[in-house]
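Structure, as structure tokens:
In what follows, every chain begins at residue 1, and chains take the letters A, B, ... in the order their sequences are listed.
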There are 2 protein chains.
Amino acid sequence: MPKTPVGALLPSLRGLDSQQGPLHRQLSERVRAAILAGTLAPGSRLPSTRTLARDLGVSRSTVELAFSDLSAEGFLERRVGAGSTVSLPEDSRLPRAVAPLPDVRATAPALSRQGKAVVAQLLAPDAPVVLPFTPCLPAVDAFPVTLWQRALSRQVRALGSQLLGTGEPGGLRALREAIASHLTTARGVRCDWRRVLIVSSTQQSLDLAARLLLDPGDTVWMEEPGYLGARLAFAAAGARLCPVPVDREGLRVEEGVSRAPTARLAYVTPSHQYPLGGTLSAERRRALLEWARQANAWVFEDDYDSELRYTSQPLAAVQAMDEAGRVLYAGTFNKALFPAMRLAYLVVPETLVEAFGRAKALADGQAPLLPQAALADFMERGHFAAHLRRMRQVYGERRDSLLDALRRETSGFLQVGPTDAGMHVSVQLPAGTDDVRLVQRAAEKGLDPRALSALYLGEARTPGLVLGFSGAGPAELRRAVRVLAALL
Amino acid sequence: MPKTPVGALLPSLRGLDSQQGPLHRQLSERVRAAILAGTLAPGSRLPSTRTLARDLGVSRSTVELAFSDLSAEGFLERRVGAGSTVSLPEDSRLPRAVAPLPDVRATAPALSRQGKAVVAQLLAPDAPVVLPFTPCLPAVDAFPVTLWQRALSRQVRALGSQLLGTGEPGGLRALREAIASHLTTARGVRCDWRRVLIVSSTQQSLDLAARLLLDPGDTVWMEEPGYLGARLAFAAAGARLCPVPVDREGLRVEEGVSRAPTARLAYVTPSHQYPLGGTLSAERRRALLEWARQANAWVFEDDYDSELRYTSQPLAAVQAMDEAGRVLYAGTFNKALFPAMRLAYLVVPETLVEAFGRAKALADGQAPLLPQAALADFMERGHFAAHLRRMRQVYGERRDSLLDALRRETSGFLQVGPTDAGMHVSVQLPAGTDDVRLVQRAAEKGLDPRALSALYLGEARTPGLVLGFSGAGPAELRRAVRVLAALL
């Protein structure tokens, strides 16, 4: 970074406060610090005492005193008429003022192998603006901001040493209790609040699970095609990813058993397979749990949008059937409410409660208390349940208009996957279509579909698109489909 | 978990809303969901339609309709006089209602080796209440809650899609800019906002650095004695920890060079060595940077309480002298403001900016936006700088009363370490004293000193105590010292 010109330094000299002791000492201290810090380099010329006094709104004698202290210590050279220039005492045991940084890219040390593995996992950053077809981002415009502001304001008013102090690594009890009772009724999840760990995102749940349950070289079942974020977290931990095909009944468990019987963990999205949309059948749920019990393996159940069911009855969570303590159940408020919430939860078997608490403490301590308190308040007043009901309507309408438009505009050209749940639908394109290229051209038109083929670990069996319908209104979606149809 | 008795289920049946379609359908759906979820087990008896109608505040015919739907679907068996009992259709492709969980501890699979390493690192959880002598916890009572509430309220009012949506993994730009300019003037740190990564705590900075820069088996210089949280983060990543002794001039760099010349990283607290309190001399700073440059190693500079300097001039950060791009500079608001803030920063060399952005995205996405916006607001208005000035006075007074009391009550019995900075002082006990036992007995008296010997990797060279003075007022500290003296 270039040296700070004296002018740029002025702000840091302002706001001298007579409460804090003699003004001239405060001033000399700040200038000295700047010199020691190298932000005021030797040779740089200081303003005249008159100018500086005026700029700082202090008396000229204050500046005089400060400058004479500094020159006595050898930090300033003062010449009559020539003003004051910065110098550094030769005997200074302090860092010499430094020149601008040279470019160190050439000589920089490398990341560790582990670090390279982490960096290699490039998580496509969420879109800062939600475009038509952006998948899995909630309709922020439909979020009851006022109710949330009230919940926040109540907690802000209540801010006291308790909400400022240290919290439990596992999270705020009130929030964990609210989540436990919501999950028990809505999803049949069996837990008490102690088993609910508050994290910042499902990504963190995946990361903690990968670090606690996997060793480099361990095998993980991944749905094929499947969710990228999970793949990256497990790959970053050095796991071997074994693609297990899915169909309309979700993960083909028997395939997994035959391909990797001794895998340590299976990642599944049973309520609504991402991206194809199938629902894991009851038989396969039993088979999955039976395999996990016998193979001593873990099941990571990502229930990312289970609350959004439009037509069929929701199945209970796989966790509800787990009698062997093998299932980790993950959900997130970043999708159910809004992305900047940064609160999510992981329900772990009793045997893992302590391990995950420690891992969370070691990873980042704990989640911030105020948002947790506000969310608990929001849930206890029923706003969360009401919001989910409302979003089922809003998203249901958006889904319908997307499907209508697809039928009208792309008559039968596209094969549409299951659409009875969630925030997106996947469509299959005729074999041979280059879905990546298509996505690029759509992006040029301001649309944000995702290429199905990019979600395969192995060779993509069929090209297609993932079309989010949660972020854009019906009219916008219809327009977007017309644009998309024109591209096909 | 035991089955939910029907009574406990009632709350989840309440709040039927005619806006959401026919009431009887909503009711039957919720009962069905509870049955599928296994929270209403087959055989359990439902209340009479009259009772339930009254409890739910709906008409009896609504309940009648719901029950007849459910019994038509095979979810209820209704016998005249005998009321309705839950059943499950034989052909149901749905999970059977489940019995209470058996104890699975015996059969539970083990954690991975990596997971065991993580869990082995037991981070002493921060005290939920601050007791006399609790180290490194800020005086929450002295925090300007009202100013913080105003900053929060301003941002809460401004909440819009922008603060609800997706943020940058690196953090909110306004906050990163405020931090960069604070560090430039206060600590001579040379960075622009792009190099400032917003994290949740120094613990997360350590965790990300360990994962990006270290491989299992890599050697790390640790100050001996030193900060436990850092040791744990590096150990969890599988690093070999090499203890390097410290004296009043901080880390004995030449010792590190001779013990582990090829280490990959050195962890240092140069402004105020934790726990002994020394300040790393300028010569050693140069030697440290020179070693890092030649050995292609990293320096992790933990500047955890540098703003709190009572007597001497602050030295600039080591980062200010780093011309080779080897230094990572960490600071935290959880100590400078309050623990529940959960915001901290890591300034990384230009060459690491992208890697740490990706690692943060992979670890937990990004920090929540509202607290970041409020903190940027708080800093831009000068409240942060003002608070630091005020805390220098508050802590300075507390430090003085602690030192006076120690002099009076333990006349020369204790050897007091450097005390010109920070939130704690370390005292040495006569050789042979069992400081761990002493700490236990102090805890019984409601005091929270820490044993110096516990902070050594190798054999403790001298027993002693770490006495925090930031959390308790002068009078309380004097009383605490009397109690402590009685124990000695």
From Leu13(B) atom CG to Thr185(A) atom OG1, the distance as rounded to the nearest 0.5 Å = 9.5 Å

Checking heavy atoms, do the side chain of Leu206(A), its backbone, both or neither come under 4.5 Å from chain B?
-> neither

Go through Glu168(A) and Gln366(A) one step at a time and tell me if the side-chain contact (heavy atoms from CB on, under 4.5 Å) criterion holds.
-> CA-CA 7 Å; Glu168(A) 279 221 2; Gln366(A) 77 227 32; over 6 Å; no

So, does Glu350(A) use its side chain to make a donor-acceptor pair with the main chain of Arg195(A) at under 3.5 Å?
-> no

Residue, of Val140(B), Leu159(B), Val145(B), Leu369(B), that accumulates the most heavy atom pairs under 4.5 Å with chain A | Leu159(B)

Between atom CG of Asp218(A) and atom CG of Leu213(A), what is the distance when rounded to the nearest 0.5 Å?
-> 9.5 Å

Ala292(B) versus chain A, the contacting section by heavy-atom distance below 4.5 Å | neither

Is chain B contacted by the side chain of Ala385(A), its backbone, both, or neither, given a heavy-atom distance below 4.5 Å?
-> neither

Does Arg390(A) reach the side chain of Phe143(A), with side-chain heavy atoms less than 4.5 Å apart?
-> no

Greatest number of heavy atom pairs closer than 4.5 Å to chain A - which of Arg392(B), Gln149(B), His182(B) | Gln149(B)

Taking C-beta and beyond as the side chain, do Asn334(B) and Phe338(B) meet within less than 4.5 Å on heavy atoms?
-> no

Please walk me through it: do Ser112(B) and Arg264(A) pass side-chain contact (heavy atoms from CB on, under 4.5 Å)?
-> CA-CA 9 Å; Ser112(B) 64; Arg264(A) 295 285 300 131; 5.5 Å; no

Choice from Leu163(B), Leu152(B), Thr202(B) maximising heavy atom contacts with chain A below 4.5 Å | Leu152(B)

When heavy-atom pairs shorter than 4.5 Å are enumerated against chain A, which of Asp215(B), Asp364(B), Leu212(B) gives the highest number?
-> Asp215(B)

What part of Ala367(B) gets closer than 4.5 Å to chain A, counting heavy atoms only: side chain, backbone, both or neither?
-> backbone

Quick one: what part of Ala344(A) sits under 4.5 Å from any heavy atom of chain B, side chain, backbone, both or neither?
-> neither

Report the C-alpha distance between Gln155(A) and Arg150(A) in whole Å, list the side-chain angles of each, state the deciding distance to 0.1 Å, and finish with yes or no for side-chain contact (heavy atoms from CB on, under 4.5 Å).
-> CA-CA 9 Å; Gln155(A) 299 304 321; Arg150(A) 290 208 196 106; over 6 Å; no

Under a 4.5 Å heavy-atom cut-off, does chain B meet the side chain of Leu352(A), its backbone, both or neither?
-> side chain

Is it the side chain or the backbone of Asp207(A) that comes within 4.5 Å of chain B heavy atoms, both, or neither?
-> side chain

Quick one: what part of Asp141(A) sits under 4.5 Å from any heavy atom of chain B, side chain, backbone, both or neither?
-> neither

Do the side chains of Pro169(B) and Phe356(B) get nearer than 4.5 Å, heavy atoms only?
-> no

Which bit of Leu214(A) comes within less than 4.5 Å of chain B, counting heavy atoms only: side chain, backbone, both or neither?
-> backbone

Under 4.5 Å to a heavy atom of chain B? For Val156(A) that would be both

